[in-house]
Amino acid sequence: MIRAKTGRADPGRPGRYALGAVSGLLAALAGLALAQLASTAVRPEAAPVTAVGGAVVDRTPAALKEWAIRQFGTDDKLALTLGIGAALAAVAIAAGLLAVRHLPAGTALAAAFGALGAVAAISRPEATWKDALPSLSGGLTAAAILYVLVRAAQRPHPQSPGAAAPGAIDRRGFGRLAVATLALSAGTAYAARRLGAFGDAGATASRAGLVLPPPAVPAPPVPAGSDLRIPGAARFVTPNRDFYRVDTALVVPRVDADTWRLRVYGDGVSRPLTLDLRELLTRPLVEHDATLTCVSNEVGGPYAGNARWLGVRLADLLREAGVRPPSQGGRADQLVARSVDGMTIGTPVEAVMDGREALLAVGMNGEPLPFRHGFPVRMIVPGLYGYVSACKWLRELRLTTFTAYDAYWVRRSWAQRAPVKTQSRIDTPRPFAEIAAGRVAVAGVAWAQHRGIARVEVRVDAGPWRKARLGEADGDDTWRQWVWLWEAAAGGHTLEVRATDRTGAVQTGDRAATVPDGATGWHAVTVRVRG
C-alpha cells in the first residue's frame, strides 16, 4: 500500500500502475485542453502542440525535412502533429507510472513538459512572453489533476479499511473522478474550438466580403491549345483546391483583411510606406499567369502548379518608396519579406525590378487568395523557387543586403539565390503501370519560368530522343503541356523526358538532390506493356 507521506507504492499491485497510466493520460488531456483555451487569448501559434511542432520544424536539418516531404508529401505537418501527440501520450503515461511510485516526481514531470512547451513557444518568431502562458497553465493543470487522480487511485476501498488486500482500490470513486476529468476536458476543448472559430470569424468575413477590383492590365485569354486535355496529365490551370502547399505553418494563419498592414522600409528606402489593403487595392492591378515551383520538388515531383494571379507590381511599389536596384546604384540587393507568422524569405532586388511581373498578389484564379495560399497578400516572383520569392501572409518588406542578413531557409543550408531550373515530368503513364500494346499517349508538363519551354523530347529504353508535340505557350512564366504518341511493344520499358528552354539550354541529365538550390535530372518512368 502507498504511504501518504512518501508517495511510495507497493510494487506488487499492478492495478495501481494501470490506474496511474490512465491518470497520466487524463491529466495530459486536461492540460492540453486548458492550454488550447488559453491560446485563444494569446494567439493560435502559442498552443503547445503548435508551438512544439513549429520549434521542431525550425530546428529540423534540411536533409530530414526533405525526407519528411518525400515520405508524407503535403501531409508532413499532420505526420508531425501525430508524432508529437504520440510522444506526449508516452510522457503522460510515464508521468502517471512515476507518480504511483513517487507522487511528487510524477507531478513534476507533468509540469516540466508544460515548461518545455513554454520554452518552445517563446523561441518561435514573433513570440512574446505571453506565448509561454498557455503551455505553463496547461502543465500546471496536468500536474494538479495527476496529483488528484493518483491520490484517488491510492485510496483503499471503503469496505477494506487499513491495509487492504492487493487490488482492493476504490475503483468506483476513481472512475467517477476520471469521468468528471474527461468531461471537463471535453468541455474545455469545445470552448477552445468555439472561441478559436469566433476569433477566425473576422478574417473569414473579411475575405468573404472582399471584392477585387478589375485589373488595369488584364492577362490575355489562355490560348485554346494550351491544355491538350490528355487523360492523366495535369490540367493547364491548377484549381485552387489542388494547388500544392509547402510551408512551415502548422496552423494556417487567418489574417483579418480589415486590420492587415504592410510596412516597406530599410536600406535605400527614402520614403518608407505603410499600407492597408484598401490603399493597396487603389493601385493599378495586373493579371499574370505564372507557374510556381517548390525547391523541395524532386525530379518528376508534384510540387508545381499554374495559376492566374492578380496583384500590384512590386517594382512599382519599391520605386514609390525610393528604392533603386543594385544595377542602378541601389544600396540593397536583398528584399526580405516577412510573414505574419515570422517566416522570412529573401529575394534578389534585381530580380524583382528587372521587368518581370513580380507581384504582391491578392487574387488567385479569379478569387481572393485562399487562406492556405496567403490571404490577404502574398508575393509572386516568376522564375525563382518559392523559398526565395513566394512569401505568404505578407506583412513586411525590408530592404537589406545578402551579406547582412540570411533569411529562414538560407540559415538552413539552402542557397541565397535560386532561379528555377528547367524541368519536365511524365504524368501519364504512371510509374509501374501495366498498359496494352499499341499507340500510347505519353504526356506531361515542362517548365522553365521566365525563360519558357521551346522543346520537349522523349526516349524509350535509352534509344534516340523523339520530339513531343507541345501545347500552346501562355508566355514564358507558365509550364507547357506536351504529348508524344508511342507505338508500345510488349515487355518492360523505361520512358525518359527532357526539355529545352528558349535560351537553347537543354535540361541536364545529371542527377542532383534538392538541396541547396533544386533537383536536376531526367524524369524516368518504368512500365510494362501487355502483348
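With respect to K392 and D247, a salt bridge is recorded, a charged nitrogen being found less than 4.0 Å from a carboxylate O. For the pair R43 and D131, the salt-bridge criterion is met [side-chain N within less than 4.0 Å of a carboxylate O]. A salt bridge does not link R417 to D517: none of the charged side-chain nitrogens sits closer than 4.0 Å to a carboxylate oxygen. Between R528 and E434 there is no salt bridge, since no side-chain nitrogen of the basic residue lies less than 4.0 Å from a carboxylate oxygen of the acidic one. Between R283 and D316 there is no salt bridge, since none of the side-chain N atoms of the basic residue sits less than 4.0 Å from a carboxylate O of the acidic one. A salt bridge links R207 with E367; the closest basic N to acidic carboxylate O contact falls under 4.0 Å.
Listed for the D501 side chain is a donor-acceptor partner under 3.5 Å among the backbone atoms of G504. A donor-acceptor contact shorter than 3.5 Å is absent between the side chain of W393 and the backbone of V255. Judged by distance alone, the side chain of W260 and the main-chain N or O of R395 form no donor-acceptor pair under 3.5 Å. A donor-acceptor pair under 3.5 Å links the side-chain atoms of E287 to the main chain of A219, judged by distance alone. The backbone N or O of K421 sits less than 3.5 Å from a side-chain atom of Y385, completing a donor-acceptor pair. Within the 3.5 Å criterion, the main-chain N or O of D341 finds no donor-acceptor partner in the side chain of E45. Checked by atom type and distance alone, the side chain of R331 never pairs as donor or acceptor with a backbone atom of D267 at under 3.5 Å. Proximity of a side-chain donor or acceptor of R480 to a complementary backbone N or O of I453 within less than 3.5 Å is detected. A donor-acceptor pair under 3.5 Å links the side-chain atoms of W522 to the main chain of Q507, judged by distance alone. Proximity of a side-chain donor or acceptor of R398 to a complementary backbone N or O of V336 within less than 3.5 Å is not detected.
A 4.5 Å side-chain heavy-atom check between T248 and Y408 finds at least one atom pair inside the cut-off. Side-chain contact between P516 and S413: absent, with no pair of heavy atoms (C-beta onward) separated by less than 4.5 Å. Side-chain contact check for L281 versus L210: some heavy-atom pair is nearer than 4.5 Å. Residues W482 and V458 meet the side-chain proximity criterion, which asks for heavy atoms closer than 4.5 Å. Here the side chains of L314 and T347 are not in contact, with every heavy-atom distance at 4.5 Å or above. Counting heavy atoms from C-beta outward, P239 and N365 have side chains that stay 4.5 Å or more apart. The shortest distance between side-chain heavy atoms of I345 and M379 does not fall below 4.5 Å. Side-chain contact between T50 and P44 is absent, with no heavy atoms from C-beta onward closer than 4.5 Å.
The environment of CZ in R235 is sparse: at most 12 heavy-atom neighbours from other residues, nucleotides or ligands sit within 6.0 Å. Environment of CZ in R511: crowded, with over 12 heavy atoms of neighbouring residues, nucleotides or ligands closer than 6.0 Å. Atom CZ of R502 has more than 12 heavy atoms from other residues, nucleotides or ligands within 6.0 Å.
Between the side chains of D477 and H288, a donor-acceptor pair is found at a separation under 3.5 Å.
The aromatic rings of F375 and F371 sit perpendicular, their planes meeting at an angle over 60°, well past the 30° parallel limit. Ring geometry for Y387 against W414 counts as tilted: the plane angle lies between 30° and 60°, on a 0 to 90° scale.
Across D476, T422, T503, a single residue satisfies side-chain hydrogen bond (donor to acceptor under 3.5 Å, both in side chains) together with R451, and that is T422.
What you find for I426 and L495 is that their closest heavy atoms are CD1-O, 3.8 Å. The two residues I435 and P429 have their closest heavy-atom pair at CG2-CB, 4.5 Å. The nearest pair of heavy atoms linking P220 to R308 is O-NH2, 2.7 Å. The shortest non-hydrogen separation linking D354 to A351 is OD1-O, 2.9 Å. Scanning both residues, M353 and R324, for their nearest heavy atoms gives SD-C, 4.3 Å. Shown here for V312 and L280, the closest heavy-atom pair between the two residues is CG2-O, 3.6 Å.
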* Before giving the answer on side-chain contact (heavy atoms from CB on, under 4.5 Å), spell out for R425 and D427 the whole-Å C-alpha distance, their side-chain angles and the decisive distance to 0.1 Å. => CA-CA 6 Å; R425 185 180 77 196; D427 288 341; 2.7 Å; yes
* Test side-chain contact (heavy atoms from CB on, under 4.5 Å) applied to V323 and V264, step by step -> CA-CA 10 Å; V323 176; V264 183; 5.6 Å; no
* So W309 and L369, side-chain contact (heavy atoms from CB on, under 4.5 Å) or not? Walk me through it. -> CA-CA 9 Å; W309 307 95; L369 291 170; 4.0 Å; yes
* **CA sep, side-chain torsions, deciding dist, call: V222, T478, side-chain contact (heavy atoms from CB on, under 4.5 Å)** => CA-CA 11 Å; V222 174; T478 66; over 6 Å; no
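How far CE of M343 is from CG of L394: 13.0 Å, rounded to the nearest 0.5 Å. The line from CD of E396 to CZ of R263 is 6.0 Å long, rounded to the nearest 0.5 Å. Of the inter-residue distances, the one linking S226 atom OG with Q481 atom CD reads 8.0 Å to the nearest 0.5 angstrom. The structure places CG of D333 at 5.5 Å from OG1 of T401, a figure rounded to the nearest 0.5 Å. Taking CG of L292 as the reference point, atom CE of M364 lies at 7.5 Å (rounded to 0.5 Å). Atom CG of L397 and atom CG of L335 lie 5.0 Å apart (nearest 0.5 Å).
Scanning for salt bridge (charged side-chain N to carboxylate O under 4.0 Å, His left out) contacts around E279 gives an empty result, with sequence neighbours left out.
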Got a list of side-chain donor-acceptor pairs under 3.5 Å for residues 441-450, not counting sequence neighbours?
{"unit_1": "Q449", "atom_1": "NE2", "unit_2": "T291", "atom_2": "O", "d": "2.9"}
{"unit_1": "Q449", "atom_1": "NE2", "unit_2": "T293", "atom_2": "OG1", "d": "2.8"}

Scan the side chains in residues 461-474 for donor-acceptor partners under 3.5 Å anywhere in the protein, sequence neighbours excluded, and list what turns up.
{"unit_1": "D461", "atom_1": "OD1", "unit_2": "T494", "atom_2": "N", "d": "2.8"}
{"unit_1": "D461", "atom_1": "OD2", "unit_2": "H493", "atom_2": "ND1", "d": "2.7"}

